[in-house]
Number of protein chains: 2
Amino acid sequence: MITLAVDAMGGDAGLSVTVPGAVSFLRRQAEVRLLMVGDEAALANALSAAGAPMDRIAVVHAAQVVEMDEQPQSALKNKKDSSMRVAVNQVKDGLAQAAVSAGNTGALMATARFVLKTIPGIERPAIAKFIPSKGGRMTLVLDLGANVDCTPEQLVQFAVIGSELVHALYPGAGSPRVGLLNVGTEDIKGTDTVKQAFKLLQSSRLNFVGNVEGGSIFSGEADVVVADGFVGNIVLKTIEGSVRFLTTEIRQEFQANLLTKLGALAAMPALKGFKNKIDPRKFNGAIFLGLRGVVVKSHGGTDAAGFAYALEEAFHEAKADSIARIQQGVAEQLAFLTEKKIEAEQAAISID
Amino acid sequence: MITLAVDAMGGDAGLSVTVPGAVSFLRRQAEVRLLMVGDEAALANALSAAGAPMDRIAVVHAAQVVEMDEQPQSALKNKKDSSMRVAVNQVKDGLAQAAVSAGNTGALMATARFVLKTIPGIERPAIAKFIPSKGGRMTLVLDLGANVDCTPEQLVQFAVIGSELVHALYPGAGSPRVGLLNVGTEDIKGTDTVKQAFKLLQSSRLNFVGNVEGGSIFSGEADVVVADGFVGNIVLKTIEGSVRFLTTEIRQEFQANLLTKLGALAAMPALKGFKNKIDPRKFNGAIFLGLRGVVVKSHGGTDAAGFAYALEEAFHEAKADSIARIQQGVAEQLAFLTEKKIEAEQAAISID
């Protein structure tokens with residue numbers, strides 16, 4: 001039985017999304033229970049109204065709520081009894097295997113980092129997300145905005161935690177292929193930071209497939225694509241924007257005239273299948289990676305179905321015992337890199 | 001009458017694409033003539049086979065061809081009689097108002113920069129492209145890969161040349177709205193370079209609308225979106241990749257079974273309209289901006305229809321007398337910024 005802690009007050013709509021989302025998730029997954037964190041009275045009402053299966057739900061009271069536009073530092077200092085903080089505390093105290101929140105991203109990251117700390121060897125947590133790619137595959141892309149400036153070493157750390165997460169979730173699929181997001185596939189491409197990260201990744205034990213371009217996120221040629229948070233965030237928003245743009249354009253074409261409208265009726269099964277495949281709600285759930293606990297961030301403006309997918313994401317990671325695996329993988333990978341570095345330094349000394 | 005110089009040997013397929021592309025372009029545009037640059041005998045054959053209108057075509061012989069994988073510096077040094085170089089020379093010598101090539105991007109940029117030089121005040125040329133956005137609009141995005149590292153001042157220069165190009169092409173549309181590509185809309189977002197560029201853009205005379213996110217490329221909220229070449233190139237490839245991915249997914253849904261296949265038949269008019277709207281060939285033609293002459297780079301792997309669109313792009317810029325306008329605009333904008341800077345320095349001195 002997996003236990004997830006849910007920040008029930010987070011997100012643009014709070015309880016009216018998190019509670020029905022939680023209920024629909026519980027109906028889908030049997031081997032899970034939820035700690036719903038928030039205002040006790042309001043939660044009791046909302047859960048009862050939604051006909052929630054109370055045998056798998058416990059309510060944990062939290063008196064405060066972090067505002068969507070609140071500064072992370074202010075939330076950290078002044079909202080110690082917020083639904084967000086208390087939900088993350090459940091993970092720290094071992095009462096839940098993962099926390100999920102649709103609240104303020106910056107505050108959640110600051111809280112998660114402060115409460116849970118990073119995995120030894122990981123300087124900074126990253127935000128990661130699975131993006132659908134060719135042939136029904138998924139590509140994990142990170143960092144999506146937690147770290148605007150990154151050192152080559154931090155990019156390598158992201159590669160390691162991304163690779164270990166995918167390996168934990170799909171243990172039978174072999175060593176995940178890791179690509180470095182760049183402006184071309186040749187070694188000499190990119191900024192100095194990226195060039196240095198390339199060299200480090202090449203000498204690592206990761207299944208490094210080299211530089212990949214923006215289009216490779218969808219081609220399925222890498223399982224993990226690594227970038228700094230500035231590039232990653234812009235790429236993610238560009239993908240979301242282009243999906244919105246293209247689906248709007250298709251809709252407009254089908255609304256052009258009577259003939260195309262009739263065509264839309266006949267095309268309904270295929271169009272529904274397409275819509276379902278690329279439904280952004282299904283890819284809701286950004287993973288805060290590199291922490292000593294699973295934290296998943298739902299989109300703040302999602303609906304109940306989208307929130308249920310974020311819970312699903314957290315459930316799979318908790319079930320795969322991803323943190324223990326990532327922690328072990330990081331230790332091994334970084335020990336290997338350190339050894340390589342010492343060898344290189346000794347070689348340099350003996351040449352002198 | 002506008003004259004365009006065409007590197008007839010450039011691109012993956014050379015003459016077999018450039019000649020039919022040129023012919024179809026000439027059929028569409030009456031007030032233009034072409035200087036077809038390349039091997040004289042081969043060109044004469046290809047033009048005659050394509051039934052080219054020779055009253056508006058002159059062949060300019062060039063004995064060499066720049067290879068698609070040739071190093072830019074090698075092309076610059078060893079291929080002084082290449083079709084690419086001779087085509088760019090036509091612009092420098094005032095014999096053509098624009099040059100178009102589907103050849104090696106790096107070599108074309110090096111050649112164009114060496115032969116034509118940058119506009120006074122512009123340190124480095126940028127690569128720009130119009131991306132389709134909401135409501136049939138277009139967003140000019142730059143730099144798309146010419147400059148992996150940029151200073152804040154260079155980002156401002158890109159903003160100026162992008163804005164002046166759009167203004168030259170659409171003089172009646174008011175001052176183009178310029179956005180700075182970033183990870184959020186707040187002033188405090190982004191890398192140090194981007195933050196400094198933000199401040200400079202705010203004090204400029206441009207119609208600066210502030211930071212924009214990746215999705216804004218398609219939303220129509222900015223006419224020009226500025227980024228360094230590292231981010232810009234990754235964004236462009238991501239857009240191309242997501243369009244390919246989504247169109248493949250739609251096709252697959254329509255091929256799922258008999259019902260969806262019948263649906264596809266009925267949906268044909270709308271699907272064709274959609275395909276036509278987002279046809280990448282229509283957005284072929286990357287603009288090398290900041291040079292003292294119009295140079296347009298066609299995709300190396302495009303077909304004749306795509307190459308004709310690149311010629312179209314060059315034609316519109318030449319017709320709008322874009323270089324003269326950009327040159328004047330740059331002088332005014334940069335003079336204003338310099339004045340601002342001196343004022344700020346004097347204010348600082350008087351405080352001391």
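Convention: sequence-line order gives letters A, B, ...; per-chain numbering from 1. Worth saying up front: this structure is predicted, and the values here are computed from it rather than measured.
- Residue with the most contacts toward chain B among A:Val243, A:Ile131, A:Ile217, A:Val148: A:Val148 (heavy-atom pairs, distance under 4.5 Å).
- Heavy-atom pairs under 4.5 Å with chain B peak, among A:Ala256, A:Pro132, A:Gly232, at A:Pro132.
- Of the listed residues (B:Leu262, B:Leu265, B:Val183, B:Leu259), the one with the most heavy-atom contacts under 4.5 Å to chain A is B:Val183.
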Between B:Cys150 and B:Phe158, is a side-chain contact (heavy atoms from CB on, under 4.5 Å) present by the stated rule, with each step listed? CA-CA 10 Å; B:Cys150 293; B:Phe158 298 166; 3.6 Å; yes
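- The nearest pair of heavy atoms linking B:Gly285 to B:Val296 is CA-CG1, 3.7 Å.
- With a 4.5 Å cut-off on side-chain heavy atoms, B:Ile127 and B:Leu289 do not count as touching.
- Using a 4.5 Å heavy-atom threshold, the side chains of A:Phe198 and A:Pro152 count as separate.
- Within the 4.5 Å cutoff, no side-chain heavy atoms of B:Val225 are placed close to those of B:Leu140.
- Top candidate by heavy-atom pairs under 4.5 Å with chain B, chosen from A:Val231, A:Leu246, A:Ile278, is A:Leu246.
- Counting heavy atoms from C-beta on, the side chains of B:Ile250 and A:Ile250 come closer than 4.5 Å.
- With a threshold of 4.5 angstrom between heavy atoms, A:Val194 approaches chain B through side-chain atoms but not through N, CA, C or O.
- Within the structure, ring pair (Phe, Tyr, Trp, His ring centres under 6.0 Å) contacts touching residues 265-291 of chain B (residues at least two apart or in different chains) do not occur.
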Go through chain A and chain B and list any donor-acceptor pairs closer than 3.5 Å, backbone and side chains both.
unit_1: A:Glu213; atom_1: OE2; unit_2: B:Lys237; atom_2: NZ; d: 2.5
unit_1: A:Gly215; atom_1: N; unit_2: B:Lys237; atom_2: O; d: 3.3
unit_1: A:Lys237; atom_1: O; unit_2: B:Gly215; atom_2: N; d: 3.3
unit_1: A:Lys237; atom_1: NZ; unit_2: B:Glu213; atom_2: OE2; d: 2.5
unit_1: A:Ser242; atom_1: OG; unit_2: B:Ser242; atom_2: OG; d: 2.8
unit_1: A:Glu249; atom_1: OE1; unit_2: B:Lys277; atom_2: NZ; d: 2.8
unit_1: A:Glu253; atom_1: OE2; unit_2: B:Lys277; atom_2: NZ; d: 3.3
unit_1: A:Lys277; atom_1: NZ; unit_2: B:Glu249; atom_2: OE1; d: 2.8
unit_1: A:Lys277; atom_1: NZ; unit_2: B:Glu253; atom_2: OE2; d: 3.3

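- Side-chain contact between B:Val224 and B:Leu142 is present, with at least one heavy-atom pair separated by less than 4.5 Å.
- Between chain B and the residues A:Ile239, A:Leu236, A:Leu271, A:Leu181, the largest count of heavy-atom pairs under 4.5 Å involves A:Leu181.
- A:Leu155 CG to A:Leu200 CG: the interatomic distance, rounded to the nearest 0.5 Å, is 9.5 Å.
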